[in-house]
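Along the sequence shown, the residues carry numbers beginning at 1.
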Amino acid sequence: MTPAAENASRLRSWWGWGYQDAQPDEAECLALGALLPGTLARPLPVPRIADLAVGRPAVTPPPSLAHLVSGDPGDRAAHAMGKAYRDIARALRGRPGRIPDLVARPTGDQEVADLLDWAGAHGVAVVPFGGGSSVVGGVEYRGDAHRAVLSLDLTSMDRVLEVDPAGRSARIQAGALGPVLEDQLRPHGLTLRHFPQSFEFSTLGGWLATRAGGHYATGHTRIDDFAQSLRVVTPAGTSASWRLPASGAGPSPDRLFLGSEGALGVITEAWMRVQERPRHKASAALAFSDFRRALDAVRAVAQSDLAPANCRLLDPGEALFSGASKDGTSVLVLGFESATGPVDGRLAAAVGLARDHGGRIAADTAGGGAVGAWRSAFLRMPYLRDGLARMGAVVETFETAATWDRIPALIEAVRAEVGATARAATGQPATVNCRLTHVYPDGAAPYFTVAVAGRPGDEVAVWDDIKAAATDVLHRHRATVTHHHAVGRDHRPGYDRQRPEPFALALRAVKGALDPHGILNPGVLLD
């Protein structure tokens with residue numbers, strides 16, 4: 001049985017990450033709470049849709065579209081928010097965001113166009129929705145409370161429509177979830193090789209619309225690198241770019257829609273560059289007593305021609321939490337893979353570079369060593385965050401990217417300033433951990449986790465303080481407000497400060513031309 005088929009019968013959590021049966025039970029929540037002083041004595045109960053005040057839809061679709069649309073309260077509640085900490089905390093307190101009036105599930109481009117035409121004529125806000133895994137407020141409507149809202153769920157458009165083995169490309173519908181997509185490529189011996197942490201619960205269209213980053217640390221890790229051509233339905237018509245290996249014909253039309261987060265149009269399918277499935281793999285973990293020397297080691301590997309699939313540096317706190325290290329050392333996880341030949345030599349060369357900067361092979365830990373411990377923790381982390389949230393903890397994760405000359409000072413500033421903000425907001429000690437998720441010859445992408453016991457009933461306000469402090473630190477250090485989580489609504493203040501004003505002027509003009517009624521994901525990228 002394929003992975004997608006195995007999970008088809010499992011129930012998704014409407015309020016938290018992933019599957020209902022994978023959420024921490026009460027005992028695990030209590031154990032997590034014991035790690036942070038000041039958390040609740042008992043976990044908050046799992047929220048129920050039956051306890052929400054879900055009103056009647058404020059709008060009715062025409063008979064020609066009624067078969068595509070659901071007004072079921074549970075369906076609507078599950079499309080109200082993404083999966084950011086802010087969303088989880090509000091759901092636990094019975095205060096979810098604006099619940100959409102209707103959920104539509106089109107099966108093709110024409111139905112998408114018909115739904116947009118109807119919404120434009122009636123002023124209905126349309127929020128494109130893939131897997132709902134956004135952690136930046138990307139699928140939540142926060143506008144006029146009196147405006148009707150339609151959640152446009154693309155997951156019924158989930159097929160690999162065509163495969164070109166000679167060109168190693170595939171035409172794929174945008175609503176395909178990660179496992180569904182890979183199941184259809186597997187018989188061809190191919191893979192998209194894009195595995196974000198949300199892989200099980202996010203779609204190709206969501207990856208494209210948010211310029212998602214995958215699990216791999218170097219090389220073709222961003223979804224931009226795999227996109228060959230896009231098909232996008234907009235209120236002004238359908239944009240379909242040519243399928244080409246490369247082109248110098250002016251500004252790229254695909255670049256207009258990559259990262260547009262559903263504000264300019266609805267991505268319905270794409271030709272994607274795919275690859276042979278890897279057959280050769282090798283990995284190792286190295287421990288460092290000095291985090292600054294570990295950063296130098298990572299830079300040396302990134303600036304070599306070795307191109308590791310994984311080159312992830314965990315600071316001591318992150319290494320301890322994941323089980324990769326228990327002695328206060330930082331851990332560098334290295335991994336190589338190939339479809340054509342052994343990779344042991346490349347791994348050995350990378351290990352040699354790391355040893356030149358003070359690294360030593362990490363001692364084994366239970367479950368496959370430090371590499372296995374980190375991998376298991378990586379997949380489990382979003383569920384653990386939900387468990388901590390049930391204990392009243394505030395857990396924020398944010399990522400960025402900066403050039404190598406700024407990385408050390410940036411990490412120190414985030415630890416000091418964001419940690420101080422968390423402590424001031426709660427009166428409790430705060431933990432700020434860091435790991436490098438992606439590395440480039442010219443810089444790296446640090447990923448931070450902040451955890452602190454919240455003020456009971458006021459956790460979202462604490463989160464807001466932490467987010468504001470983090471955004472300010474990133475801006476002062478000329479680090480991007482987001483490397484791969486996207487802008488959404490939560491990162492809008494930082495995005496507005498980061499983008500050049502002439503570009504903002506051009507983006508507003510494009511928005512006005514493609515979406516004249518302003519129905520597409522209002523508040524994302526632009527007012």
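In the displayed structure, His220 atom NE2 is contacted under 6.0 Å by at most 12 heavy atoms of other residues, nucleotides or ligands.
Rounding to the nearest 0.5 Å gives a distance of 10.0 Å between CZ of Arg211 and OG1 of Thr482. The structure places CG of Leu116 at 8.0 Å from OG1 of Thr234, a figure rounded to the nearest 0.5 Å. With rounding to the nearest 0.5 angstrom, the CZ atom of Arg86 is 11.0 Å from the CZ atom of Arg489. Of the inter-residue distances, the one linking Thr60 atom OG1 with His122 atom NE2 reads 9.5 Å to the nearest 0.5 angstrom. The OG atom of Ser252 sits 10.0 Å away from the CZ atom of Phe257 when rounded to the nearest 0.5 Å.
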Taking distance alone, no hydrogens or angles, what donor-acceptor pairs closer than 3.5 Å link side-chain atoms of residues 276-284 to residues at least two apart or in another chain?
{"unit_1": "Arg277", "atom_1": "NH1", "unit_2": "Glu182", "atom_2": "OE1", "d": "3.3"}
{"unit_1": "Arg277", "atom_1": "NH1", "unit_2": "Leu190", "atom_2": "O", "d": "2.9"}
{"unit_1": "Arg279", "atom_1": "NH2", "unit_2": "Ala339", "atom_2": "O", "d": "2.4"}

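Salt-bridge annotation for Arg142 and Asp490: present, with a side-chain N of the basic residue lying under 4.0 Å from a carboxylate O of the acidic one. Salt bridge Arg98/Glu140: absent, no basic N to carboxylate O contact under 4.0 Å. Here Asp101 does not pair with Arg56 in a salt bridge; the nearest charged N to carboxylate O distance is not below 4.0 Å. Ion pairing between a basic and an acidic side chain is recognised when a charged N comes within 4.0 Å of a carboxylate O; Asp527 and Arg508 show no such pairing. Using a 4.0 Å cut-off between a side-chain N of Lys or Arg and a carboxylate O of Asp or Glu, Asp225 and Arg222 do not qualify as a salt bridge. The existence of a salt bridge linking Arg231 and Asp254 is excluded, since no basic side-chain nitrogen approaches an acidic carboxylate oxygen closer than 4.0 Å. Using a 4.0 Å cut-off between charged side-chain N and carboxylate O, Lys511 and Asp515 make a salt bridge. Using a 4.0 Å cut-off between charged side-chain N and carboxylate O, Asp496 and Arg492 make a salt bridge.
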**Q.** Verdict with supporting geometry, Asn310 and Tyr216, side chain to side chain contact (heavy atoms under 4.5 Å, CB included)
**A.** CA-CA 5 Å; Asn310 199 4; Tyr216 296 103; 5.8 Å; no

Q: Take Ile88 and Arg385 through the side chain to side chain contact (heavy atoms under 4.5 Å, CB included) test and state the conclusion after the steps.
A: CA-CA 9 Å; Ile88 307 306; Arg385 178 212 55 182; 3.5 Å; yes

Q: Dump the intermediate steps for side chain to side chain donor-acceptor pair (under 3.5 Å) on Gln498 and Thr480, then the final yes or no.
A: CA-CA 7 Å; Gln498 180 177 327; Thr480 182; 3.2 Å; yes

Q. Given the rule in the side chain to side chain donor-acceptor pair (under 3.5 Å) test, do Gln275 and Arg168 qualify, once you have shown the distances and angles that lead to the verdict?
A. CA-CA 6 Å; Gln275 303 166 64; Arg168 289 207 308 195; over 6 Å; no

Q: Please report the C-alpha distance between Asp72 and Ser70 in whole Å, then the side-chain angles of each, then the deciding distance to 0.1 Å, and finally whether the side chain to side chain donor-acceptor pair (under 3.5 Å) criterion is met.
A: CA-CA 6 Å; Asp72 176 75; Ser70 167; 5.3 Å; no

Q: List the steps and the verdict of side chain to side chain contact (heavy atoms under 4.5 Å, CB included) for Arg105 and Val103.
A: CA-CA 7 Å; Arg105 290 183 173 83; Val103 177; 3.7 Å; yes

Q. Which is it for Leu505 and Leu507 under the side chain to side chain contact (heavy atoms under 4.5 Å, CB included) test, yes or no, and what are the steps along the way?
A. CA-CA 5 Å; Leu505 181 67; Leu507 189 59; over 6 Å; no

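The heavy-atom pair separating Pro235 from Leu520 by the smallest distance is CD-CD1, 3.6 Å.
With hydrogens and angles left out, the side-chain atoms of Glu399 and His485 include a donor and acceptor closer than 3.5 Å. There is a side-chain donor-acceptor pair under 3.5 Å between Trp207 and Ser202. A donor and an acceptor atom, one from each side chain of Arg243 and Gln228, are located under 3.5 Å apart. Side-chain atoms of Tyr447 and Glu318 include no donor-acceptor pair closer than 3.5 Å. A side-chain donor-acceptor contact under 3.5 Å links Gln184 and Arg159.
Sorted by first and then second residue, the side chain to side chain donor-acceptor pair (under 3.5 Å) pairs involving residues 259-272 (not counting sequence neighbours) are Asp109-Thr268, Arg171-Glu269.
Aromatic ring centroids of Tyr19 and Tyr383 lie 6.0 Å or more apart.
A tilted orientation is assigned to the rings of Phe129 and His79, their planes being inclined by 30° to 60°. Ring geometry for His438 against Tyr440 counts as parallel: the plane angle stays under 30°, on a 0 to 90° scale with 60° as the upper cut.
With sequence neighbours left out, Phe448 forms a ring-ring contact (aromatic ring centres under 6.0 Å, His included) with Phe398.
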